[in-house]
Amino acid sequence: MKLSFQKFFKIFFILWGIIGTCAVIGIVGCIVSIYSYLFQDHTSHDGDFGDVSFMFESGGMGKPNFEKVEYRYDSARSFTGYGDSVYIVKTKNVDVARLDKNFWFTHQTMHPVISEAIEFLDGIAQMHVPEIDFDSDNIYIAPLYIRKYNSVSDASLLVYDAENSRIYYLNLNL
C-alpha cells in the first residue's frame with residue numbers, strides 16, 4: 001500500500017510541475033505579446049490609397065490626385081482614445097484653384113480656432129514631419145475635427161503643401 005501512495009504522489013507532482021510550467025510559459029507569452037503590441041513603433045513608409053482615402057474624400061481632391069504614401073505613424077491608443085497619428089502623402093495634379101474654399105483655408109482666411117489647433121499640433125508636427133511653414137501662401141489647411149473648451153484638447157487637420165505637392169494628416173487626442 002505504501003508503495004502505491006509513493007507512486008501516486010510522484011506522478012501527481014510530476015504532472016503538477018508540467019502543468020505549472022506550461023501555465024507560466026503561457027502567461028509570460030501573453031504579457032510579452034501585449035507589451036510588444038502596445039510599445040512597438042507603428043511607423044510605416046508604405047501604403048496604398050485605401051489607407052489614406054479619407055484624406056481625399058472632400059474638398060476638391062480625389063483618387064487621381066494620389067501618388068504614394070511617404071510616411072505613416074500611428075501611436076498605440078489608450079482606452080480613453082489618447083494617441084497621435086501623422087500621415088504624409090505625395091500628391092499629383094492638384095489644382096489649388098479647385099480646392100473648396102469652404103473647406104481649405106490659407107493663413108489669411110482661417111478662423112482663430114484653427115490657429116489654436118495648429119499651435120496644439122505643432123509639437124507632433126515637429127516630431128514626425130519636416131518643418132511646415134503654416135504662414136506660407138502655399139499652405140492650405142482643412143480642419144477635420146477640433147475640440148476646444150478652454151483650450152484645444154483634440155485636433156485633426158489636413159495640411160496641403162502646394163509647393164512640395166504633399167498632404168499631411170496631423171491628429172492628436174488627449
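Hydrogens, waters and symmetry mates are skipped; everything else that's a heavy atom, side chains included, is used. Owing to the predicted nature of the structure, the values given are computational and were not obtained by experimental measurement. One is the number of the first residue; the rest follow in order along the sequence.
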Any donor-acceptor pair under 3.5 Å linking the side chain of Asn171 with the backbone of Leu157?
-> no

Should the ring pair Phe8 and Phe12 be called parallel, tilted or perpendicular, given that the plane angle runs from 0 to 90° and is split at 30 and 60?
-> parallel

Could you tell me which non-hydrogen atom of Ser85 sits nearest to which non-hydrogen atom of Asp74, and how far apart they are?
-> OG-OD1, 2.8 Å

All side chain to side chain donor-acceptor pair (under 3.5 Å) counterparts of Lys148, not counting sequence neighbours | Glu116

Report the C-alpha distance between Ser75 and Asp84 in whole Å, list the side-chain angles of each, state the deciding distance to 0.1 Å, and finish with yes or no for side-chain hydrogen bond (donor to acceptor under 3.5 Å, both in side chains).
-> CA-CA 5 Å; Ser75 70; Asp84 55 328; 2.8 Å; yes

So how far is it from Thr91 OG1 to Glu70 CD, rounded to the nearest 0.5 Å?
-> 9.0 Å

Pairwise distance CZ(Phe66) to NZ(Lys90) - rounded to 0.5 angstrom = 12.5 Å

With Ser53 via side chain to side chain contact (heavy atoms under 4.5 Å, CB included) - residues at least two apart = Phe49, Glu57

With sequence neighbours excluded, give me every ring-ring contact (aromatic ring centres under 6.0 Å, His included) pair touching residues 153-174.
-> Phe54-Tyr169, Tyr87-Tyr169

Give me the other members of the hydrophobic cluster that Tyr149 sits in, counting Ile, Leu, Val, Met, Phe, Trp and Tyr linked by side-chain heavy atoms under 4.5 Å, directly or via other members.
-> none

With sequence neighbours left out, write down each residue that passes ring-ring contact (aromatic ring centres under 6.0 Å, His included) with His107, or none if nothing qualifies.
-> none

Given a cutoff of under 4.5 Å between side-chain heavy atoms of I, L, V, M, F, W and Y, with clusters grown through shared members, what are the other residues clustered with Ile31?
-> Ile27

What's the spacing between Leu172 CG and Leu170 CG if we round to 0.5 Å?
-> 9.5 Å

Which residues pass the side chain to side chain donor-acceptor pair (under 3.5 Å) test with Ser165, sequence neighbours left out?
-> none

Give the minimum heavy-atom separation between Asp154 and Tyr145, together with the two atoms involved.
-> CB-CE2, 3.8 Å

Hey, what do you get for OG (Ser153) to CD1 (Ile146), rounding to the nearest 0.5 Å?
-> 11.0 Å

Hydrophobic cluster identity match, Trp16 and Val24, side-chain contacts under 4.5 Å | no

Table please: side-chain donor-acceptor pairs of residues 136-143 below 3.5 Å, with sequence neighbours left out.
residue: Ser136; atom: OG; partner: Asn138; partner atom: N; Å: 3.1
residue: Asp137; atom: OD1; partner: Gln108; partner atom: NE2; Å: 3.1
residue: Asn138; atom: ND2; partner: Glu163; partner atom: OE1; Å: 3.2

Do Ile132 and Asp161 come close enough that some side-chain heavy atom pair is under 4.5 Å?
-> no

For Asp133, enumerate each residue passing the side chain to side chain donor-acceptor pair (under 3.5 Å) test, keeping only those at least two apart in sequence or located in another chain.
-> none

Less than 4.5 Å apart, any side-chain heavy atom of Phe134 and any of Met110?
-> no

Determine the minimum heavy-atom distance between Ile167 and Met55, stating which atoms define it.
-> CG2-CE, 3.5 Å

Partners passing side chain to side chain contact (heavy atoms under 4.5 Å, CB included) against Thr109 (at least two apart in sequence or in another chain) | Phe105, Thr106

Rounding to 0.5 Å, atoms CD (Glu67) and CZ (Arg166) come to a distance of 9.0 Å

If you measure from CZ on Phe120 to OG on Ser115, what distance do you get to the nearest 0.5 Å?
-> 15.0 Å

Using links of under 4.5 Å between side-chain heavy atoms of ILVMFWY residues, direct or through other members, which residues join Leu15 in one cluster?
-> Ile11

Non-neighbouring partners of Glu119 that pass side chain to side chain donor-acceptor pair (under 3.5 Å), sequence neighbours left out | none

